[in-house]
Amino acid sequence: MRARIAALAAATLLSACTTQRVAPPSTGPSPAVPVPLPTPEPVPEPPANALAAGVMVVPSRSQPAPEAWNAVKAFRLSCPALLKRRDTSGLTQAGDWAEVCTEAQAISDGAAASAFFRDRFDWLKVGDGKAFATGYYEPEIRGSRVRAAGFDVPIYAVPASLTRCTRADGTTGRGRIDEQGQCVAYFTRAEIEDGALAMETPIAWAADPIDLFFLQIQGSGRLHLPDGGVIRIGYAEQNGQAYVAIGRVLRDRGVFESGKATMDGIIGWMRS
C-alpha cells in the first residue's frame with residue numbers, strides 16, 4: 001500500500017512541473033479502503049481445579065484443642081451436605097467425605113480433634129493467605145416463659161395476621177388484610193410496641209426492651225430463665241417494613257458524629 005501511494009504522489013509532482021493542465025482533485029467521497037480486523041487473542045482454557053489455578057498445598061498446623069473440638073462439632077453438622085454436594089472447585093468429590101465424616105463421629109476430645117484436622121486433611125493456601133472474617137454471636141438476655149414481675153416485654157412468634165398478599169398498587173409482599181378486606185402494609189415496630197399484636201400470645205417475655213431490640217437485630221439469641229433454664233430463640237419472619245439502621249438515624253439527628261455511633265454508645269443513649 002505504501003509503494004502505491006508514493007508512486008501516485010510522484011506522478012502528481014511531475015505533472016505540476018509541466019504546462020499541461022491538471023484536473024482538479026475530486027471532491028467526492030473517497031472509496032472505502034478495507035481495514036483488516038485484528039486477530040483475536042486466543043482464550044486460555046480455564047484451570048481444571050483449584051490446584052491448577054495456583055492454590056498451594058501448605059504444611060498443616062495443629063489447632064488448639066478447644067477450637068479444634070468446636071470445629072469437629074461444626075464439621076459433623078456439615079457432613080450431610082458435604083456428602084451430597086458437588087464441589088465445583090474440582091478438589092473433592094462427594095464420596096471423598098464419607099470416611100472422614102465417619103471418623104468425626106468417633107472423636108470425643110480436643111486433642112483427638114486437633115490431630116484429626118492435622119492428619120486427615122490437605123491444607124491449602126488461597127491467594128496470599130490473608131482473609132477478612134466477620135463475627136457472629138448470640139446475645140444472652142434475661143427472659144421468662146410466662147409474664148411475671150420484671151418480665152413484661154412480649155416476644156412473639158410469627159403472628160397469624162402476617163401474610164403475603166397483593167396491595168392496591170399491584171405490589172406483592174408481606175402485609176395483612178384490614179377490616180375492608182384490603183391488603184395493606186403490616187404493622188410497624190412502633191405500632192407493635194403500642195399493642196397492635198395484643199391479641200397474639202407471646203412465646204416468652206423479656207426483662208429488657210433494649211436487650212430484646214438488639215437480639216432481634218442480631219437474628220437469634222438465648223433467654224436465661226429465672227429457674228436457670230435457657231431457651232434459644234431465632235429469626236422466623238419480619239414485618240415487611242424497610243430496615244432502618246438506628247445508628248444512621250442518630251447520626252442524621254446529630255446525636256453522634258460519623259463513625260462514633262457504637263453499640264455501647266447507642267445503648268447508653270437509649271437508657272438515658
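Note that the structure is a prediction, hence the values are computed from the model and not measured.
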Are side-chain heavy atoms of [X] and [Y] found at a separation under 4.5 Å?
{"X": "R76", "Y": "I107", "result": "yes"}
{"X": "W205", "Y": "V153", "result": "no"}
{"X": "I177", "Y": "C183", "result": "yes"}
{"X": "T171", "Y": "T166", "result": "no"}
{"X": "L225", "Y": "V230", "result": "no"}

**OP:** Please answer whether the main-chain N or O of L197 pairs with a side-chain N or O of E200 as donor and acceptor at a distance below 3.5 Å.
**Re:** no
Original post:
Judged by atom type as modelled, is there a donor-acceptor pair below 3.5 Å linking the side chain of Q218 to the main-chain atoms of P139?
Top reply: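 Judged by distance alone, no pair lies under 3.5 Å.
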**OP:** Could you walk me through whether R271 and D208 pass side chain to side chain contact (heavy atoms under 4.5 Å, CB included), step by step?
**Re:** CA-CA 11 Å; R271 296 203 182 283; D208 189 294; 3.0 Å; yes
[atom1]-[atom2] distance between [X] and [Y], expressed to the nearest 0.5 angstrom:
{"X": "L215", "Y": "I233", "atom1": "CG", "atom2": "CD1", "answer": "4.5 Å"}
{"X": "F75", "Y": "C101", "atom1": "CZ", "atom2": "SG", "answer": "4.0 Å"}
{"X": "R86", "Y": "T92", "atom1": "CZ", "atom2": "OG1", "answer": "10.5 Å"}
{"X": "I203", "Y": "L223", "atom1": "CD1", "atom2": "CG", "answer": "7.5 Å"}
{"X": "I141", "Y": "R222", "atom1": "CD1", "atom2": "CZ", "answer": "12.5 Å"}
{"X": "D96", "Y": "L82", "atom1": "CG", "atom2": "CG", "answer": "11.0 Å"}

Is the [atom1] atom of [X] crowded by more than 12 outside heavy atoms at less than 6.0 Å?
{"X": "R253", "atom1": "CZ", "answer": "no"}
{"X": "K73", "atom1": "NZ", "answer": "yes"}
{"X": "Q93", "atom1": "CD", "answer": "no"}

Are side-chain N/O atoms of [X] and [Y] paired as donor and acceptor at under 3.5 Å?
{"X": "T262", "Y": "D264", "value": "no"}
{"X": "Y156", "Y": "T201", "value": "no"}
{"X": "Y136", "Y": "S220", "value": "yes"}

Taking all heavy atoms of [X] and all of [Y], pick out the closest pair and write down the distance.
{"X": "A111", "Y": "D109", "answer": "N-OD1, 3.1 Å"}
{"X": "W69", "Y": "G110", "answer": "CB-CA, 3.9 Å"}
{"X": "Y235", "Y": "Q238", "answer": "OH-CG, 3.5 Å"}
{"X": "A185", "Y": "Q241", "answer": "CB-NE2, 4.0 Å"}
{"X": "P202", "Y": "P154", "answer": "CG-CB, 3.7 Å"}
{"X": "A68", "Y": "F117", "answer": "O-CE1, 3.7 Å"}

Original post:
Can we say E138 and R232 salt-bridge, meaning some charged N sits less than 4.0 Å from an Asp/Glu carboxylate O?
Top reply: yes
**OP:** May I ask you to say whether R167 pairs ionically with D178, meaning some side-chain N is under 4.0 Å from a carboxylate O?
**Re:** no
Original post:
Run the salt bridge (charged side-chain N to carboxylate O under 4.0 Å, His left out) check on R142 and D152 step by step: do they pass?
Top reply: CA-CA 11 Å; R142 294 190 304 120; D152 54 6; over 6 Å; no
Original post:
When the ring planes of F121 and F116 are compared, do they come out parallel, tilted or perpendicular, using 30° and 60° as the limits?
Top reply: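 Perpendicular: the ring planes of F121 and F116 meet at over 60°.
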Are [X] and [Y] connected, step by step, through hydrophobic side chains (Ile, Leu, Val, Met, Phe, Trp, Tyr) whose heavy atoms are closer than 4.5 Å?
{"X": "I267", "Y": "W269", "answer": "yes"}
{"X": "V146", "Y": "I231", "answer": "no"}
{"X": "Y243", "Y": "L250", "answer": "yes"}
{"X": "V244", "Y": "M263", "answer": "no"}
{"X": "L83", "Y": "V72", "answer": "yes"}

Original post:
Under the salt bridge (charged side-chain N to carboxylate O under 4.0 Å, His left out) criterion, do R145 and D227 qualify, and how do the steps go?
Top reply: CA-CA 10 Å; R145 295 181 185 273; D227 61 4; 5.4 Å; no
**OP:** Output, in order, the C-alpha distance, side-chain angles, deciding distance and verdict of side chain to side chain contact (heavy atoms under 4.5 Å, CB included) for F187 and N239.
**Re:** CA-CA 7 Å; F187 299 118; N239 61 359; over 6 Å; no
**OP:** Mind checking side-chain hydrogen bond (donor to acceptor under 3.5 Å, both in side chains) for Q216 and listing every partner two or more places apart, or none if nothing turns up?
**Re:**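 By the side-chain hydrogen bond (donor to acceptor under 3.5 Å, both in side chains) rule, Q216 matches R189.
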Subject >> Residues that R120 engages under side-chain hydrogen bond (donor to acceptor under 3.5 Å, both in side chains), provided they are two or more places apart >> reply: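 Scan of R120 (side-chain hydrogen bond (donor to acceptor under 3.5 Å, both in side chains), adjacent residues dropped) gives E99, E103.
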Subject >> Stepwise side chain to side chain contact (heavy atoms under 4.5 Å, CB included) test for Y186 and R174 >> reply: CA-CA 7 Å; Y186 202 69; R174 296 175 181 86; 5.6 Å; no
**OP:** Quick one: do E237 and L162 satisfy side chain to side chain contact (heavy atoms under 4.5 Å, CB included)? Show the steps, please.
**Re:** CA-CA 9 Å; E237 227 341 329; L162 178 62; 3.7 Å; yes
**OP:** For M270, check side-chain contact (heavy atoms from CB on, under 4.5 Å) against everything at least two apart and list the hits.
**Re:** I210, F213, F214, I246, I266
